[in-house]
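First up is the structure itself, then whatever we jot down about it.
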Amino acid sequence: MNCAYYVLFRVPCFVPSLIVPCFKARVPKILVPARPTCVLCRASCLTETCSCRAVPVLCHVPPGPLATFSCGTQPPCRHLLLAMFHSPAAKKGVYGRVLCNRNYVAKDINFGVGARAAMLQGVSEGRNVIIEKSIGNPKVTKDGVTVARSIEFRDKAKDVGANLVKQVAGATNKAAGDGTTCATVLTQAILTEGCKSVAAGVNVMDLRSGIKMAIDAVISDLKSRAQMISTPEEITQVASISANGEREIGELLARAMEKVGKEGVITVDGNTMVNELEVVGGMKLARGYISPYFVTDPKTQKCELENPLILIYDKKISDMNSLVGLLELAVEKNRALLIVAEDVERDALAMLILNKHHAGVKVCAIKAPGFGDNRRANLDDLAILTGGEIISEDRGLTLDKVKEEMLGTAKKVTVSVDDTIVLHGGGDKKLIEERCEELRTATGKSAATFDREKAQERLSKLTGGVAVFKVGGASEVEVGERKDRVTDALNATRAAVEEGIVPGGGVALLYATKALENLKTENEDQRRGIHIIQNALKAPTLTIASNAGFDGSTIIGKLLEQDDVNFGFDAAKGVCAAFAKTGEYVDMVKAGIIDPLKVVRTALADAASVSLLFTTTEATVLVNSDDKNKPPSRVPNMDSLGY
């Protein structure tokens with residue numbers, strides 16, 4: 001008997017259910033009773049519900065239509081089901097049924113208070129710090145945006161609310177690089193009170209106006225109380241607070257900023273057992289030597305050139321005759337020669353290696369860093385730093401016409417297999433400063449994140465150098481958690497240097513409530529919006545105190561009685577007395593508990609922006625969560641993969 005066996009795969013991954021023919025597997029014929037049953041739990045398809053929740057279960061019913069089970073609303077089980085079909089009509093019916101099921105997705109539409117209340121449940125949940133990943137080890141983190149991205153709910157309305165928090169945390173992280181947890185707490189506080197007010201019949205537009213007035217007043221008050229920082233100790237304090245009190249991280253970051261300057265590049269890496277800081281002065285090019293035959297120090301596998309001439313060429317070099325004049329010039333001047341070109345190949349490369357080993361010429365060749373327009377920009381920067389010119393046919397220059405004054409110079413160049421470091425270039429200081437100013441302007445005006453990062457990287461190479469913070473840890477999970485804290489600390493430090501600092505621990509926002517007491521409004525609904533922001537500004541301090549085991553309301557009441565805006569509560573040094581929980585009240589700035597103004601300001605502005613949209617929501621359109629016919633997504637979740 002000619003028959004094909006069809007296997008229905010219910011796969012728990014990123015592909016939909018597939019029905020594929022299998023002509024190799026041969027199994028005994030399955031006897032089907034008069035009333036078809038589930039092949040796993042033997043429940044009748046016509047009278048019972050399949051207890052194993054396999055959706056759908058396909059049975060062999062000769063002759064007649066295919067039979068399926070009604071399996072309720074529970075998620076399907078992940079079994080491998082087997083069915084046999086003897087007729088072409090049965091096969092066609094299966095394919096048609098699968099295609100039909102994919103074409104229709106039901107949606108739920110909710111309105112008004114019910115819609116906002118359902119989404120608010122998603123905003124109010126999610127305090128995970130250990131995050132399971134679909135691939136790799138679990139991630140342990142205290143970073144607000146990382147935790148927010150990991151939160152997903154089966155309930156679609158809750159998931160929409162959680163996505164609003166993700167949007168707030170993501171926007172704050174993009175603008176300031178820190179403060180995502182503060183932004184999440186503020187968002188929840190504003191949304192909770194806002195939804196209550198709208199449900200009570202407050203005019204939404206007046207409420208919106210009141211919230212906007214309050215936010216503007218608070219930001220103005222914060223800016224007026226900000227203090228600029230510059231000393232290493234102040235930078236250490238900011239970085240230590242953002243790194244959850246780990247002073248070692250703060251001290252290393254302060255040292256890095258002192259070495260490379262405020263505009264220098266500080267990268268975070270993790271491949272050591274202990275925290276280390278490596279500072280590279282001068283310009284670092286992400287290209288190593290083309291051939292290991294250029295190595296001058298076999299022990300370190302590096303090529304070191306003292307006071308070399310530097311040729312900068314924007315094309316490939318393959319003709320050895322074009323390099324004869326340059327080599328003669330280097331020998332005549334008794335100088336080393338560094339060649340930076342798109343590539344050096346064939347005869348030209350062989351001639352360089354031959355002259356190095358047999359004629360004693362100190363020479364090395366590297367590929368130009370970057371690609372496309374970025375490569376040309378890097379060559380321009382290198383030419384300005386070293387005082388040379390780019391030899392380009394666009395300028396009417398060829399290798400045959402190169403003169404000594406067209407070549408760049410530097411005190412020392414160190415070339416390894418991966419990178420090249422140019423120290424103390426011989427370029428004109430005035431021209432270097434002009435190029436730095438151009439890059440600062442480009443960084444401020446660029447709308448694309450990639451272009452802005454590249455401009456900042458080029459600026460750092462011209463001004464200070466590069467510092468590499470090597471995060472230590474005994475395991476991959478520990479290194480990952482520390483890298484998150486170091487990254488937050490680095491972003492917070494840059495923000496503090498840029499706009500200044502305010503007292504930390506949430507007290508800057510707490511004391512800003514006093515600026516709202518005399519704010520004039522046109523009606524009570526606007527006044528209600530101001531009250532919402534006043535209450536929300538207390539949430540960070542309240543949350544910190546509650547998490548430390550203290551009565552947040554009592555602490556807030558005592559702080560608001562003070563006139564000193566730097567006076568705050570140090571929860572880390574709090575003690576529990578026999579009669580009540582008390583803590584240590586200190587000058588937050590002197591104690592080193594400080595926050596960057598940019599972080600606090602951005603967190604508040606982003607939280608208010610999304611909350612205003614939420615409170616004016618009157619309807620939600622959601623994919624029906626009971627719909628069993630929707631196939632799984634083919635695209636993996638990038639957040640679970642660490643992107």
Query raised in the report: What's the shortest heavy-atom distance between Ile353 and Tyr293, and which atoms?
Result: CG2-CB, 3.7 Å
Report task. Please test Leu326 against Leu337 for side chain to side chain contact (heavy atoms under 4.5 Å, CB included), starting from the C-alpha separation and ending with a verdict. Result -> CA-CA 8 Å; Leu326 285 170; Leu337 177 64; 4.3 Å; yes
Query raised in the report: Should Thr414 and Lys284 count as side-chain neighbours, where that means a heavy-atom distance under 4.5 Å?
Result: no
Query - Spatial distance of atom CD (Glu438) from atom CG (Leu459) [nearest 0.5 Å] - result: 11.5 Å
Report task. Take Val363 and Asn355 through the side chain to side chain contact (heavy atoms under 4.5 Å, CB included) test and state the conclusion after the steps. Result -> CA-CA 8 Å; Val363 63; Asn355 279 273; 5.7 Å; no
Query - Glu276 versus Thr272, closest heavy-atom pair with distance - result: OE1-CG2, 3.9 Å
Query raised in the report: Closest approach of Val415 and Gly288, non-hydrogen atoms and distance?
Result: CG1-C, 4.0 Å
Requested in this report: Output, in order, the C-alpha distance, side-chain angles, deciding distance and verdict of side chain to side chain contact (heavy atoms under 4.5 Å, CB included) for Val344 and Ile339.
Outcome: CA-CA 9 Å; Val344 180; Ile339 298 175; 4.3 Å; yes
**Report entry** Side chains of Lys362 and Thr296 in contact at under 4.5 Å (non-hydrogen atoms)
**Finding:** no
Query raised in the report: Can you find a side-chain donor-acceptor pair between Glu234 and Thr231 that sits under 3.5 Å?
Result: yes
Query raised in the report: Side chains of Glu404 and Leu329: does their closest heavy-atom pair fall under 4.5 Å?
Result: yes
Requested in this report: Verify side chain to side chain donor-acceptor pair (under 3.5 Å) between Thr487 and Asp484, making sure each step is shown before the conclusion.
Outcome: CA-CA 5 Å; Thr487 302; Asp484 286 339; 5.5 Å; no
Report summary line: d(Glu437 CD, Glu434 CD) to nearest 0.5 Å is 9.5 Å
Query - Flag side-chain contact, heavy atom, 4.5 Å: Asp381 against Arg435 - result: yes
Requested in this report: Determine yes or no for a side-chain-to-main-chain donor-acceptor pair under 3.5 angstrom, with Ser322 supplying the side chain and Asp319 the backbone.
Outcome: yes
Query raised in the report: Quick one: does Ser609's side chain have a donor or acceptor within less than 3.5 Å of a partner on Ala605's backbone?
Result: no
Requested in this report: Examine distances only and state if a side-chain atom of Glu478 and a backbone atom of Ala474 form a donor-acceptor pair shorter than 3.5 Å.
Outcome: yes
Query raised in the report: When you measure from the side chain of Ser224 to the backbone N and O of Asp221, does any donor-acceptor pair fall under 3.5 Å?
Result: yes
Query - Arg225 (side chain) donor-acceptor with Val502 (main chain) under 3.5 angstrom - result: no
Query raised in the report: Take atom CE in Met406; do more than 12 heavy atoms of anything else shown fall under 6.0 Å from it?
Result: yes
**Report entry** Nearest non-hydrogen partners of Glu258 and Pro232, listed with the distance
**Finding:** OE1-CG, 4.4 Å
Report summary line: So CG of Leu490 and CZ of Phe469: to nearest 0.5 Å the spacing works out to 9.5 Å
Report task. Please name the pair of heavy atoms, one in Ala492 and one in Val238, separated by the smallest distance, quoted to 0.1 Å. Result -> O-CG1, 3.8 Å
Query - Check: Thr420 main-chain N/O paired with Arg287 side-chain donor or acceptor under 3.5 Å - result: no
Query raised in the report: Do Asn275 side-chain atoms and Gly472 backbone N/O form a donor-acceptor pair below 3.5 Å?
Result: yes
Query raised in the report: Side chains of Ile384 and Ile432: closer than 4.5 Å at any heavy-atom pair?
Result: yes
Report summary line: Closest heavy-atom pair, Gly504 versus Asp595, reported as atoms and distance to 0.1 Å, is CA-OD2, 3.4 Å
Query - Chi angles and distances behind the salt bridge (Lys or Arg N to Asp or Glu O under 4.0 Å) call for Arg494, Glu498 - result: CA-CA 6 Å; Arg494 291 193 183 280; Glu498 183 179 348; over 6 Å; no
Query raised in the report: Is there a donor-acceptor pair closer than 3.5 Å between any side-chain N or O of Glu433 and the backbone N or O of Lys430?
Result: no
Requested in this report: State which residue, out of Val413, Val340, Leu305, fulfils the side chain to side chain contact (heavy atoms under 4.5 Å, CB included) condition with Cys364.
Outcome: Leu305
Query raised in the report: How far does CG of Leu385 sit from CG of Asp428, to the nearest 0.5 angstrom?
Result: 11.5 Å
Query - Under 3.5 Å: donor-acceptor pair, side chain of His357, backbone of Leu352 - result: no
Report task. Compute whether any side-chain donor of one residue and acceptor of the other, for Ser392 and Asp314, lie under 3.5 angstrom apart. Result -> yes
Requested in this report: Any chance you could lay out the salt bridge (Lys or Arg N to Asp or Glu O under 4.0 Å) test for Arg255 and Glu251, step after step, and finish with the verdict?
Outcome: CA-CA 6 Å; Arg255 213 169 83 205; Glu251 291 175 348; over 6 Å; no
Requested in this report: Could you tell me whether the side chain of Met283 reaches within less than 4.5 Å of the side chain of Leu462, counting heavy atoms only?
Outcome: yes
**Report entry** Heavy-atom check, side chain of Asp419 versus side chain of Ser416, under 4.5 Å
**Finding:** yes
Query raised in the report: Any side-chain heavy-atom pair from Leu423 and Ile421 closer than 4.5 angstrom?
Result: yes
Report task. Calculate, to the nearest 0.5 Å, the distance between atoms CE and CG belonging to Met351 and Leu323 respectively. Result -> 4.5 Å
Query - Working for salt bridge (Lys or Arg N to Asp or Glu O under 4.0 Å), residues Lys367 and Glu342 - result: CA-CA 5 Å; Lys367 293 184 179 181; Glu342 182 180 342; over 6 Å; no
Query raised in the report: So, Asn374 side chain and Gly370 main chain: donor-acceptor pair closer than 3.5 Å or not?
Result: no
Report task. Go through Val402 and Leu397 one step at a time and tell me if the side chain to side chain contact (heavy atoms under 4.5 Å, CB included) criterion holds. Result -> CA-CA 7 Å; Val402 173; Leu397 299 176; over 6 Å; no
Query raised in the report: Looking at OG1 of Thr236 and CE of Met257, how far apart are the two atoms once the value is rounded to the nearest 0.5 Å?
Result: 10.5 Å
Query - Option among Lys598, Arg601, Lys223 that satisfies the salt bridge (Lys or Arg N to Asp or Glu O under 4.0 Å) test with Glu499 - result: Arg601
Query - Enclosure of Glu233 CD (heavy-atom neighbours >12, cutoff 6.0 Å) - result: yes
